[in-house]
Each structure stands twice: as C-alpha cells, then as structure tokens.
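Okay, so here's the structure we're looking at.
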Amino acid sequence: MRAHDLALSPPEDPVQPVDDHAIIALSLTQPDAFGALFERHSRELHRFLSRRLGAIADDLLGDLFVAAFELRTRYRAELADARPWLYGIAANLVRRHHRAEATRYRALGRTPLALVAADGSGEAVALADAAALRPRLATALAELKAADRDVLLLLAWGQLEQAEVAAALGIPLGTVRSRLHRARQQLRPVLDDLQGELR
Amino acid sequence: MNDLDLLDRFGPSAPEPSDAALAAARARLSAALDATTPGVRRTRRLPLLVAASVVAAGGAGIAVAPALMGSDHSIALAAVDPLTFPVTPTWLPAGLGDPVFSKDSSTLMFASYGRPQDGINVVVSPTPDNWEDREHERAIEVRGHDATVFEQDPGDVVVVWKQDDGDYIGVSGRGDFADEQVIEHVAESVADRSQRVDLFLTVAPAGWQVQAYQSDMHVSYGERGELSVTLLSSQADPSSDFGAKNVHDVSVDGRTGWIGNYVGDSGTPRDWVLVAPAPDGREFVLQAPGELSEDQVIEIAAGVRHR
C-alpha cells in the first residue's frame with residue numbers, strides 16, 4: 001500500500017485532530033496529507049455542485065480537489081477552516097458552466113411535481129403547497145445574474161457567512177451585500193409566496 | 001423561516017454522492033498526488049491526521065539521511081539566519097495586501113499577493129523550465145535584461161527574465177490582474193532586496209536546508225522535511241491529535257508546552273512531537289526526528305519565531 005492510499009481511503013476511524021490549514025501546510029512537504037481534506041469536505045462540496053449543476057458534479061468534484069491541491073501553495077491561512085476557499089474554487093468551476101446551470105433551473109421549472117399532502121393535516125397541506133412553488137423558485141434562480149446567484153447560493157447552500165463569501169469570491173464585503181440585496185429583490189415575489197404558504 | 005432557509009429547503013435538491021463518484025474523484029486526486037514528485041522518493045512520514053491510527057498500527061518514523069548526521073550519527077545544532085525571499089516588487093496595484101511567501105519541495109520560491117484567482121505572483125526559479133505552454137510569446141526588456149511576456153493557463157499574463165545571478169524571475173497576473181501593462185510595470189519594479197518571511201527558526205540542525213515553507217503557517221528542514229514546524233490555531237491534544245506517547249510538560253524558553261514521541265513497532269520511541277507557544281503567543285507543533293535529543297528539540301523550539 002502506498003502512503004497516500006492510506007490517506008485517501010475513507011477512514012474507518014476518523015480522527016479530526018487539526019485545522020484545515022495545518023493539513024494544507026503539511027501537504028506542502030507531504031502531498032499525501034491533502035487526502036484528509038478530501039475526506040473532510042468532499043460530500044458537502046459535491047452536494048453544492050450537484051444542486052447547482054446536476055449530474056456533472058460527479059466529474060467536477062475531482063476537478064475541484066485537484067485544483068485545490070495545485071493551489072495549495074498559495075492558500076492563505078487567515079481562516080483555519082478551508083471551506084470558504086474550497087467553495088471559492090467550486091464557484092469558479094460552476095461559473096464555467098453557468099449556461100448549463102441556468103438550463104438546469106429552467107428544466108426544473110418545467111418539471112411538474114406530483115405532490116400529495118400525506119395526512120391531510122393543515123401543516124402537511126401547507127408544506128405541499130409551498131413545495132408546489134419549487135418549479136417557480138428554480139425558474140427565478142435561472143433569471144438571476146450569475147454573479148448575484150453565486151453570492152446567494154454560497155450563503156444559502158454553502159452555509160457560509162457573508163465575510164466568508166467575500167473571501168471565497170475575492171470581492172469586498174460591500175459587494176457581497178449589494179449582490180445579495182439584488183438577488184433577494186429579484187426573488188422577492190416567489191419568496192413571499194413561499195412564506196405565505198407556510199404561515 | 002428567512003429567505004436563505006427557504007432557498008435551502010425549497011431550492012433544487014441533490015442526492016448524496018454515490019460511492020462510485022467519490023471513488024472516481026479520489027482516484028483523480030490520487031493521480032495528482034502521484035504526479036507531484038515524479039522520480040522523487042516520497043516521504044515516509046504520514047500526515048498528522050492519521051498519526052494516531054498509524055501509531056496504533058505500528059508506527060512509521062522517518063529516518064534521517066546519513067549525510068545530515070555526523071560521523072558518530074549525532075546531529076549538531078547551529079544558529080541559522082532568518083528565512084528571506086530574495087526580491088521585492090516596489091510597485092504593486094493597490095489592494096493586494098501583504099504577500100504570502102512559500103517554497104515547495106522543488107527549488108521554486110513564491111511571493112503571492114492577493115488571491116489565487118485574482119492576484120500577482122513573483123516566482124524565483126533556478127531554471128526557465130517552470131513556465132511551459134506559453135502562448136502569444138514576445139520579447140521585451142525588463143530592468144535592462146532580455147525578457148519575454150506571454151500568456152499561460154488561459155488568462156494568466158507572465159513576464160520572465162534571467163537575473164545577473166543566474167536565477168529566473170517570473171511575475172504573473174491572474175484574474176483582475178492579468179493585464180500586460182500592469183504585470184510589466186510590476187516586473188520593472190522588482191528590486192534585489194530580500195524580504196523576511198513570517199515564520200522561521202533561529203536554531204536548526206547544522207547544515208540542514210529549508211525544504212519547504214509557507215510563511216504564515218509552516219516550515220520544514222532536511223532532505224525530506226524531517227524537521228517541521230506548523231502553526232496551530234486551536235488547542236492540540238497530545239494523544240488524540242498526534243498519537244504522542246510519553247507526554248510531559250516542558251518549559252520552552254519560559255513558555256509552557258508539552259513534548260512526546262511517536263512509538264515504533266517495538267515500543268521504541270521514535271520521532272518527537274512538541275507543542276508550545278512562540279514568543280508572540282501563537283501555538284505551533286514541532287515534529288523532529290528521534291535522532292535528536294529531547295534537549296535539542298526544546299532548544300530548536302525555543303528558537304521558533306513568528307512575525
């Protein structure tokens with residue numbers, strides 16, 4: 001067994017000892033160490049890519065971690081958590097496929113959902129009514145500017161803080177806020193309807 | 001429920017990644033790791049992350065190359081000069097901030113300004129071979145030297161020239177800074193003035209060279225990084241984080257830390273692991289070969305400097 005096979009195997013007994021930045025630093029001299037970052041974050045990043053681009057996330061996940069590995073010498077250690085950095089690389093990859101992303105949302109917007117309120121209770125009916133708005137929400141996402149969508153979805157699906165989004169995208173915090181404001185305004189009608197169904 | 005929660009709950013969903021998808025991505029990364037050091041013997045030291053389980057499985061130390069030891073297999077310590085990056089750009093576009101210095105296990109040294117996607121790198125290399133796949137290359141003059149400017153990695157703009165001392169300097173711009181005029185201006189401003197990096201040792205094994213560094217978090221010495229210092233940003237536990245045995249407190253130049261060993265198959269203590277704060281209070285972990293004595297490891301730790 002080669003050393004990195006060990007590092008790249010799904011750990012049977014995961015050990016979570018050190019910050020991401022220490023792993024990245026270690027990988028400068030011991031590249032095998034980088035495998036630990038994959039095990040720590042790959043599922044989450046795949047989910048983000050998959051929500052935005054569908055099945056090609058399978059291919060892009062490898063691209064993402066190879067790109068991260070190649071960029072590791074320039075990783076800045078202001079944050080111990082590498083998620084914002086990895087999400088920034090993911091957002092770059094998504095940007096190369098922004099047409100496919102919009103096409104995916106439009107397709108989801110045309111997909112009828114078969115919804116049944118399971119038990120007929122008020123809460124279940126409200127949830128089903130809200131879920132019926134999913135196609136509209138997907139269509140609205142397709143209409144956003146790619147840069148505004150990046151900010152919005154890094155916050156909503158990447159669960160990053162605004163400052164982390166700024167770091168991930170390399171833009172000022174004020175730009176994050178203005179893009180978020182614009183995206184929210186554009187989605188306002190469908191978000192208000194969703195809120196209304198859930199009340 | 002706020003807007004972001006609504007988007008998370010009612011936006012397009014995604015299935016969990018399949019085992020096959022994860023395995024394929026792992027294989028791609030594994031191939032990239034293999035390609036990093038073609039023809040170079042890989043280090044046998046395993047990452048901190050798996051140190052505990054490795055120790056449980058028998059442990060693996062890293063032997064110090066004979067050339068790094070005296071004839072009696074001892075290792076002497078010596079004072080070393082602070083690490084420096086050899087040149088300084090005296091003009092940079094506004095907003096790039098302080099540089100991050102790094103050196104990988106080859107002979108390349110980087111000063112990185114800004115972000116990887118939108119930033120400027122100054123690279124020092126003993127050969128011109130590190131700039132391949134040049135497109136739209138043309139000759140220019142930089143600081144009285146023949147130079148070339150070209151594009152690389154679609155979008156990057158690079159200027160490379162050879163210094164009088166034989167080193168090659170490359171200045172590259174990416175993203176918002178991939179502008180030929182800007183990069184040529186930065187190149188023209190590069191002065192032969194060294195910059196001190198942020199993390200370094202003042203004491204190291206005599207004759208050992210820096211193997212790699214990333215100035216704000218990591219530095220290693222020896223042919224294969226046998227001795228390394230990595231900054232920590234959270235408290236480390238000796239046994240669960242590092243698999244260390246024989247752990248006990250030590251005084252590092254008056255600052256309290258702890259030291260322990262990795263233990264080999266036969267129960268013999270192997271490499272050292274020491275955690276202590278640097279003079280500025282930032283905690284670091286020092287990993288050192290078992291050929292050093294405990295006192296020597298503490299002496300090296302006392303010489304760790306940050307900022």
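Because the structure is a prediction, the values reported are computed rather than measured. In the text below, chain A, chain B and the rest are named by the order of the sequence lines, each starting its count at 1.
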Side chain / backbone / both / neither for [X] at chain B, heavy atoms under 4.5 Å:
X       : answer
L191(A) : both
D59(A)  : backbone
L169(A) : backbone
R52(A)  : neither
F48(A)  : neither
R47(A)  : both
L137(A) : side chain

Residue pair [X] / [Y]: nearest heavy atoms and the distance that separates them:
X       : Y       : answer
R104(A) : S13(B)  : NH2-O, 3.5 Å
E16(B)  : R43(A)  : OE1-NH1, 3.6 Å
H21(A)  : L231(B) : NE2-O, 3.2 Å
S50(A)  : A14(B)  : OG-CB, 3.3 Å

Atom pair [atom1]/[atom2] of [X] and [Y] - distance to nearest 0.5 Å:
X       : Y      : atom1 : atom2 : value
L187(A) : L6(B)  : CG    : CG    : 10.5 Å
L153(A) : L7(B)  : CG    : CG    : 6.5 Å
F69(A)  : L29(B) : CZ    : CG    : 7.0 Å
L33(B)  : F65(A) : CG    : CZ    : 12.0 Å

Do any N or O atoms from the side chain of [X] and from the backbone of [Y] form a donor-acceptor pair under 3.5 angstrom?
X       : Y      : answer
W157(A) : L4(B)  : no
R51(A)  : D8(B)  : yes
H218(B) : I24(A) : no

Against chain A, work out which of L22(B), V219(B), D3(B), D5(B) has the most heavy-atom pairs shorter than 4.5 Å and name it.
->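 Winner by heavy-atom pair count: D3(B).
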Winner by heavy-atom pair count (cut-off under 4.5 Å) against chain A, out of A20(B), A27(B), P17(B) |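 Winner by heavy-atom pair count: P17(B).
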Over 12 foreign heavy atoms within 6.0 Å of CD, Q159(A) | yes
Taking side chain as C-beta onward, heavy atoms only, is R26(B) less than 4.5 Å from E39(A)?
->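 Of all side-chain heavy-atom pairs linking E39(A) with R26(B), at least one is under 4.5 Å.
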